[in-house]
Chemist: 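Please find one structure pasted underneath; my questions will follow.
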Amino acid sequence: FIGESNDIPFMIGAVLHNIGAFQEAIILFNYSLQMHGMDASTLYNMGMSYLYLGDTKQALELIGKAADSGQFPKAVETREKILAQLNQAE
């Protein structure tokens, strides 16, 4: 279809993430990055999967890369929320 993404690994990863299969989603997001290059949306979604698995450090690294790209404003907001929560926990 015209304008449809050919990034099948990302699309499957997003479905897996949405049903709570975070480990499996991360594998597909990694395939997406390997096949289609760095993409802020993929980095963000992979970071969110890590966050739901409890790996805050890896989540912040990936979400931070997405935020720093300037292509995904939601990543900036999410990074700020995570950092605020971490500061409150200290």
Side-chain angles (χ1 to χ4, degrees):
F1 296 103
I2 295 175
E4 188 172 327
S5 171
N6 290 327
D7 191 348
I8 303 300
F10 173 81
M11 291 187 285
I12 296 170
V15 169
L16 290 168
H17 175 89
N18 287 334
I19 64 169
F22 304 118
Q23 291 277 18
E24 294 81 0
I26 289 167
I27 293 167
L28 272 294
F29 291 140
N30 270 318
Y31 284 141
S32 173
L33 292 172
Q34 291 170 12
M35 294 172 64
H36 299 279
M38 289 299 191
D39 177 79
S41 180
T42 305
L43 292 168
Y44 175 81
N45 283 286
M46 187 161 56
M48 291 303 294
S49 289
Y50 275 107
L51 186 64
Y52 287 123
L53 289 171
D55 189 342
T56 306
K57 181 180 177 184
Q58 186 66 30
L60 274 172
E61 181 178 330
L62 292 163
I63 293 168
K65 286 181 182 180
D68 293 343
S69 75
Q71 300 172 343
F72 207 77
K74 186 174 181 179
V76 175
E77 177 184 325
T78 301
R79 176 174 57 184
E80 290 172 4
K81 285 181 183 178
I82 295 168
L83 290 172
Q85 289 174 351
L86 288 174
N87 288 334
Q88 284 181 342
E90 291 179 356

Chemist: For residues 56-90, pull every pair meeting ring-ring contact (aromatic ring centres under 6.0 Å, His included), keeping only residues two or more places apart or in separate chains.
Modeler: Tyr44-Phe72
Chemist: State which residues pass side chain to side chain contact (heavy atoms under 4.5 Å, CB included) with Met38; sequence neighbours excluded, sorted by chain then number.
Modeler: Leu33, Leu43
Chemist: May I ask whether Leu51 and Leu62 are part of the same hydrophobic cluster, defined by side-chain heavy atoms of I, L, V, M, F, W, Y residues being less than 4.5 angstrom apart, directly or through others?
Modeler: yes
Chemist: Under the salt bridge (charged side-chain N to carboxylate O under 4.0 Å, His left out) rule, what pairs show up with a residue in residues 35-44, not counting sequence neighbours?
Modeler: none
Chemist: Keeping to residues at least two apart or across chains, list the side chain to side chain donor-acceptor pair (under 3.5 Å) pairs with something in residues 56-74.
Modeler: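 Of all non-adjacent pairs touching residues 56-74, those that pass side chain to side chain donor-acceptor pair (under 3.5 Å) are Asp68-Arg79.
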Chemist: Mind checking the CG-CD1 spacing from Asp7 to Ile12? Nearest 0.5 Å is all I need.
Modeler: 9.5 Å
Chemist: For Ala40 and Ala66, work out which heavy atoms get closest and say how close.
Modeler: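 Taking every non-hydrogen atom into account, O-CB, 3.4 Å.
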Chemist: Using a 3.5 Å cut-off and no angle test, enumerate the donor-acceptor pairs between side-chain atoms of residues 14-30 and protein atoms at least two apart in sequence or in another chain.
Modeler:
residue : atom : partner : partner atom : Å
His17   : ND1  : Ser49   : OG           : 2.7
Asn18   : ND2  : Ala14   : O            : 3.2
Asn30   : ND2  : Ile26   : O            : 3.4

Chemist: Does Met35 belong to the same Ile/Leu/Val/Met/Phe/Trp/Tyr cluster as Phe10, with side-chain heavy atoms less than 4.5 Å apart forming each link?
Modeler: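 No, Met35 and Phe10 fall in different hydrophobic clusters.
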Chemist: With side chain to side chain contact (heavy atoms under 4.5 Å, CB included) as the test, pick out the partner of Thr78 among Leu83, Leu60, Ile63.
Modeler: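 Looking at Leu83, Leu60, Ile63, the match for Thr78 under the side chain to side chain contact (heavy atoms under 4.5 Å, CB included) is Ile63.
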Chemist: Identify, with sequence neighbours excluded, every residue that meets side chain to side chain donor-acceptor pair (under 3.5 Å) alongside Tyr50.
Modeler: none
Chemist: Can you find a pair of side-chain heavy atoms, one from His36 and one from Thr42, that are under 4.5 Å apart?
Modeler: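 With C-beta onward as the side chain, the pair stays apart.
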Chemist: Mind checking side chain to side chain contact (heavy atoms under 4.5 Å, CB included) for Lys81 and listing every partner two or more places apart, or none if nothing turns up?
Modeler: Glu77
